[in-house]
Amino acid sequence: MTDSLVIAGKEFQSRLLVGTAKYPNQQILLDALATSGTEIVTVAIRRVAPANHAENLYDLLRGKYHLLPNTAGCYTARDAVLTAQLAREALQTNWIKLEVIGDDDTLLPDVEQLLPAASELVRDGFIVLAYTNDDPITAMKLQDIGCAAVMPLASPIGSGAGIRNPYNLEIIRARLTVPMIVDAGIGTASDAALAMELGCDAVLLNTAISGAKNPVQMAKAMRLGVEGGRAAYLAGRIPKKLLADPSSPMIGRIKKISV
């Protein structure tokens with residue numbers, strides 16, 4: 001039996017999505033991606049220029065990974081839609097990771113701009129994976145618009161702070177029928193494992209690997225964290241209890257004899 005990630009009818013074996021920014025060099029990037037086992041790789045469209053030269057990012061990745069261009073750096077719905085259209089033309093894909101950011105300090109989503117951008121892109125035939133905050137109401141609105149996946153943050157982009165609000169993520173997971181991918185704020189393998197244990201379908205991360213002292217080793221840790229967390233979720237954890245529950249049987253234990 002396989003446990004595949006399915007987005008918009010396309011099947012993937014890995015539940016780890018990895019970004020391509022801020023690596024020390026291209027070789028470490030390629031080694032980390034290979035070690036992570038990822039099949040979906042995100043690229044900022046402004047960093048991809050297919051017609052430029054032989055060593056551009058697009059040439060290094062195409063044919064090896066499913067490329068997921070993103071609208072990173074966009075602050076308005078108009079800019080995000082335009083960036084997505086440029087990505088479709090440049091990379092010949094209608095998949096897009098939609099980001100519409102509110103400010104430079106928090107890099108948190110601007111929901112007022114995000115929702116109309118998602119709506120327009122879905123109408124235009126895009127497969128939209130929408131980066132959003134951990135608000136269940138916004139998550140449901142994105143699903144209702146027709147997004148192929150909803151991607152609530154764990155904590156602010158690049159913060160490495162891990163999952164700050166697991167309760168909201170559990171609420172979102174219980175309500176969504178499309179894939180839920182935790183995006184932003186993952187710092188280490190235990191964060192990725194926790195996301196999967198909460199029932200998330202996948203994890204997307206970048207800085208946690210690219211900014212690690214050993215990116216390739218961290219890529220391996222993230223792969224194992226995602227796999228372990230998913231296995232634990234499917235297995236079904238025991239309930240949490242206030243008091244102890246002995247694992248050894250009480251019958252037959254040695255008793256104190258009164259004399």
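Everything numeric in this text was worked out from a predicted model, so none of it was measured.
Scanning both residues, Asn206 and Thr20, for their nearest heavy atoms gives OD1-N, 2.8 Å. Nearest heavy atom pair, residue Ser210 against residue Pro215, reads O-CG, 4.0 Å. The nearest pair of heavy atoms linking Gly229 to Met196 is C-CB, 3.5 Å. Here the shortest heavy-atom pairing between Tyr65 and Ala34 reads OH-N, 3.4 Å. Here the shortest heavy-atom pairing between Ala80 and Leu98 reads CB-CD1, 3.8 Å. Between Leu108 and Tyr131 the shortest heavy-atom distance is CA-OH, 4.5 Å.
Taking CG of Leu67 as the reference point, atom NZ of Lys97 lies at 14.0 Å (rounded to 0.5 Å). Note that CD1 of Ile40 is 10.0 Å distant from CG of Leu16, once rounded to the nearest 0.5 Å. Taken from CD1 in Ile127 to CG in Leu68, the straight-line distance is 10.0 Å, to the nearest 0.5 Å. In this structure, CD1 on Ile209 lies 8.0 Å from CE on Met218, to the nearest 0.5 angstrom. Taking CD1 of Ile137 as the reference point, atom OG1 of Thr132 lies at 11.5 Å (rounded to 0.5 Å). Here OG of Ser119 is found 10.5 Å from CG of Leu142. Values are rounded to the nearest 0.5 Å.
Judged purely by atom type and a 3.5 angstrom limit, Asp191 uses its side chain to pair as donor or acceptor with the backbone of Thr188. Formation of a donor-acceptor pair under 3.5 Å by the Thr76 side chain with backbone atoms of Asp79 is found in this model. The main-chain N or O of Val178 is found under 3.5 Å from a side-chain atom of Gln143 such that the two form a donor-acceptor pair. Checked by atom type and distance alone, the side chain of Arg175 never pairs as donor or acceptor with a backbone atom of Met140 at under 3.5 Å. In this structure, Asp124 contributes its side chain and Phe126 its backbone to no donor-acceptor pair below 3.5 Å. Proximity of a side-chain donor or acceptor of Arg15 to a complementary backbone N or O of Cys200 within less than 3.5 Å is not detected. A donor-acceptor distance shorter than 3.5 angstrom exists from the side chain of Gln113 to the backbone of Ala77, with no hydrogens or angles considered. Without hydrogens or angle criteria, Arg88 side chain to Leu91 main chain gives no donor-acceptor distance under 3.5 Å. Formation of a donor-acceptor pair under 3.5 Å by the Asp201 side chain with backbone atoms of Ile181 is not found in this model. For the pair Thr35 (side chain) and Ala32 (backbone), a donor-acceptor distance under 3.5 Å is absent.
No continuous path of ILVMFWY side-chain contacts below 4.5 Å connects Leu224 to Met222, so the two sit in separate hydrophobic clusters. Tracing side-chain contacts under 4.5 Å through hydrophobic residues (I, L, V, M, F, W, Y), one never reaches Leu129 starting from Ile157; they form parts of separate clusters. Hydrophobic cluster membership is shared by Leu17 and Trp95, with clusters built from Ile, Leu, Val, Met, Phe, Trp and Tyr side chains linked at under 4.5 angstrom. Val128 and Tyr75 sit in two unconnected hydrophobic clusters of ILVMFWY residues. Membership requires side-chain heavy atoms under 4.5 Å apart, directly or through other members. In the hydrophobic clustering of this structure, Tyr58 groups with Leu61; members are Ile, Leu, Val, Met, Phe, Trp, Tyr whose side-chain heavy atoms approach within less than 4.5 Å, directly or through other members.
For the pair Met180 and Val150, the minimum side-chain heavy-atom distance is 4.5 Å or more. Taking the side chain as every heavy atom from C-beta outward, Val41 and Leu33 approach each other to under 4.5 Å. The shortest side-chain heavy-atom distance between Leu169 and Pro166 does not fall under the 4.5 Å cut-off. A 4.5 Å side-chain heavy-atom check between Leu107 and Pro156 finds every atom pair outside the cut-off. At least one side-chain heavy atom of Thr138 sits less than 4.5 Å from a side-chain heavy atom of Asn133. The side-chain heavy atoms of Glu197 and Leu194, taken from C-beta on, include a pair separated by under 4.5 Å. Side-chain contact between Gln13 and Ser4: present, with at least one pair of heavy atoms (C-beta onward) separated by less than 4.5 Å. Side chains of Thr71 and Val81 form no contact here, defined as non-hydrogen atoms less than 4.5 Å apart.
Side chains of Tyr23 and Asp31: no donor on one and acceptor on the other come within 3.5 Å. For the residue pair Glu39/Ser14, the side-chain donor-acceptor check at 3.5 Å is not satisfied.
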- Item | Trace of the side chain to side chain contact (heavy atoms under 4.5 Å, CB included) decision for Val18 with Leu204 | CA-CA 6 Å; Val18 180; Leu204 191 154; over 6 Å; no

- Intermediate values then yes/no, side chain to side chain contact (heavy atoms under 4.5 Å, CB included), Leu115 and Ile145: CA-CA 8 Å; Leu115 293 175; Ile145 284 170; 4.0 Å; yes

- Message: Is there a side chain to side chain contact (heavy atoms under 4.5 Å, CB included) between Arg173 and Leu198? Walk through the geometry before answering.
- Response: CA-CA 8 Å; Arg173 173 64 284 167; Leu198 291 173; over 6 Å; no

- Dump the intermediate steps for side chain to side chain contact (heavy atoms under 4.5 Å, CB included) on Leu29 and Leu57, then the final yes or no. CA-CA 10 Å; Leu29 164 63; Leu57 188 60; 3.7 Å; yes

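Atom CG of Leu234 sits in a crowded spot, with more than 12 heavy atoms from other residues, nucleotides or ligands closer than 6.0 Å. With a 6.0 Å radius and a threshold of 12 heavy atoms from other residues, nucleotides or ligands, Glu112 has its CD atom at or below the threshold.
Electrostatic pairing of Arg164 and Asp134 does not count as a salt bridge here, judged by no charged N lying under 4.0 Å from a carboxylate O.
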